[in-house]
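Okay, structure first, notes after.
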Amino acid sequence: MENWSAATIRDFRQTLLAWYDAEGRDLPWRHGRNPYHTWISEVMLQQTQVNTVIPYYEKFLATFPTVVDLAAADEPTLLKVWQGLGYYSRARNLQRAAQQLMTDYHGKWPRTAAELEDLVGIGPYTASAIASIAFDQVVPAVDGNAFRVFARLLMIDADIAKPKTRQLFTQIIQPIVDPKRPGAFNQAIMDLGSSYMTAKNPDPEHSPVKAFDASYRAGRVLDFPVKTKKPRPKPMAYYGLVIHSPAGYLLAQRGANEMLTGYWSFPLILKETLRNDESTAPATVAEDITEIERRWVAEFQLPLTLTPVGGRIVSHTYTHQRWQVTLLMADLPTALPLDFFPGKWVSAAEIADLPLPKVQEKMMQQFASQRDSRAFEKN
DNA sequence: TAGCCGTGGTA
DNA sequence: TTACCAAGGCT
């Protein structure tokens, strides 16, 4: 790999920041220097693209203008504001950290990356980003952009998928960060990583730091960064139960020990939990329906007559799981009391007021297209 | 350490 | 459709 001299480092800083001052993006969280604003934006931007974040950022700050408001937020409002942004533990952690700030720090922000890391949801990257942008601490913010940009500039061949590699990059970048403008430096690297030095279709030929790009000189831009790939999502077969009564549809809230915690969906049943013997022939849908009906009477005192909805199976892919949901429906003449079932009846018009994950929206769309295209309309 | 945790965009 | 990527953190 390359090793820059002090003169090259000075040159690089000057070139990078001149470009950033002229061409850097005008983003909502770059107005002013409010650590709360920086924090919210950085957490939203974790594994999420800028264009996706912008509307969520605006709505979040309008709903929770200060740390005090966030600390006191009610959970349904919080989850609803975050709906669709994904990685929902981020929202819960934001509130916990806001409460930490109020109780443990008396509402006063810690100003160093090391201290910021004590707040839940703030890891090494986010801590460094906040410390450099809001408090001028001279530390590199090592995110995917920094990995990619410096792996190419210096031809660093360490595997960025390995957690340990972060230390190496931090040590290499630390002396390059501009001590006068650390926040601008880190954000300039991110702008570089999302323009000329992208993962897929980079344009190193026209990059403002082309002269510093060793991988470009070597004609090996796409060889960096080195990153081992992750395993494919595991297929998971579910039944989704669309149970209707005069009181509305039956919705269940996701529990604390499962993904999508706190969000609402039609009851989901993992197909493989219906039979304890998988050595014999695979069950038919009719057999599974019989078993589900039997269990719902035994466990919830809810007599059902389920029928397949028809149409396509609802498919939804997460980072590590691929769900295939077969919809089954039941229409009950009366709204049975839910004394044993952890959920509630919700009228069609009010479902949209609940925090819903994407897979629930897909299930509603599929059901409506097969049964009643106006089923879940608001009015 | 490696697996878990969402969604939207792109080739 | 599939695969991979995008300003990571937690356990």
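Using P as the reference atom, dA7(C) and dA11(B) are 16 Å apart when rounded to the nearest Å. For the P atom pair drawn from dA6(C) and dC5(B), the interatomic distance equals 23 Å after rounding to whole Å. Between the P atoms of dT1(C) and dG6(B), the separation comes to 23 Å (whole Å).
With Thr334(A) contributing its side chain and Leu336(A) its backbone, the two residues share no donor-acceptor pair below 3.5 Å. In this structure, Gln321(A) contributes its side chain and Tyr318(A) its backbone to no donor-acceptor pair below 3.5 Å.
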Report summary line: Counting primed atoms, P, OP1 and OP2 as sugar-phosphate and everything else as base, the B/S/- map of nucleotides 6-11 of chain C against protein heavy atoms under 4.0 Å is BBBSS-
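In this pair, Tyr249(A) and Phe376(A) present their aromatic rings tilted. The plane angle is within the 30 to 60° band.
The outermost nucleotides of DNA chain B lying under 4.0 Å from heavy atoms of chain A, listed 5' to 3', are dT1(B) to dA11(B).
Closest-nucleotide positions on DNA chain B for Met259(A) and Lys162(A) were compared, and the one nearer the 5' end corresponds to Lys162(A). A residue-by-residue look at Thr317(A) and Lys164(A) shows that Lys164(A) has its nearest nucleotide of DNA chain B further toward the 5' end.
Aromatic ring centres of Tyr263(A) and Tyr88(A) lie closer together than 6.0 Å.
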Requested in this report: Could you walk me through whether Gln83(A) and Lys80(A) pass the side-chain hydrogen bond (donor to acceptor under 3.5 Å, both in side chains) test, one step at a time?
Outcome: CA-CA 5 Å; Gln83(A) 175 178 325; Lys80(A) 193 65 187 177; 2.8 Å; yes
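Screening Glu299(A), Glu293(A), Glu291(A) for a side chain to side chain donor-acceptor pair (under 3.5 Å) involving Arg295(A) leaves a single residue, Glu291(A).
Between Trp345(A) and Leu250(A) there is a side-chain heavy-atom pair separated by less than 4.5 Å.
Computed from coordinates, the Arg232(A) CZ to dT1(C) P distance equals 14 Å when rounded to whole Å.
For Arg232(A), the CZ atom is loosely surrounded, since the number of other residues' heavy atoms within 6.0 Å does not exceed 12.
Contact annotation for Leu260(A): backbone-only contact, meaning every heavy-atom pair under 4.0 Å involves sugar-phosphate atoms and none involves a base.
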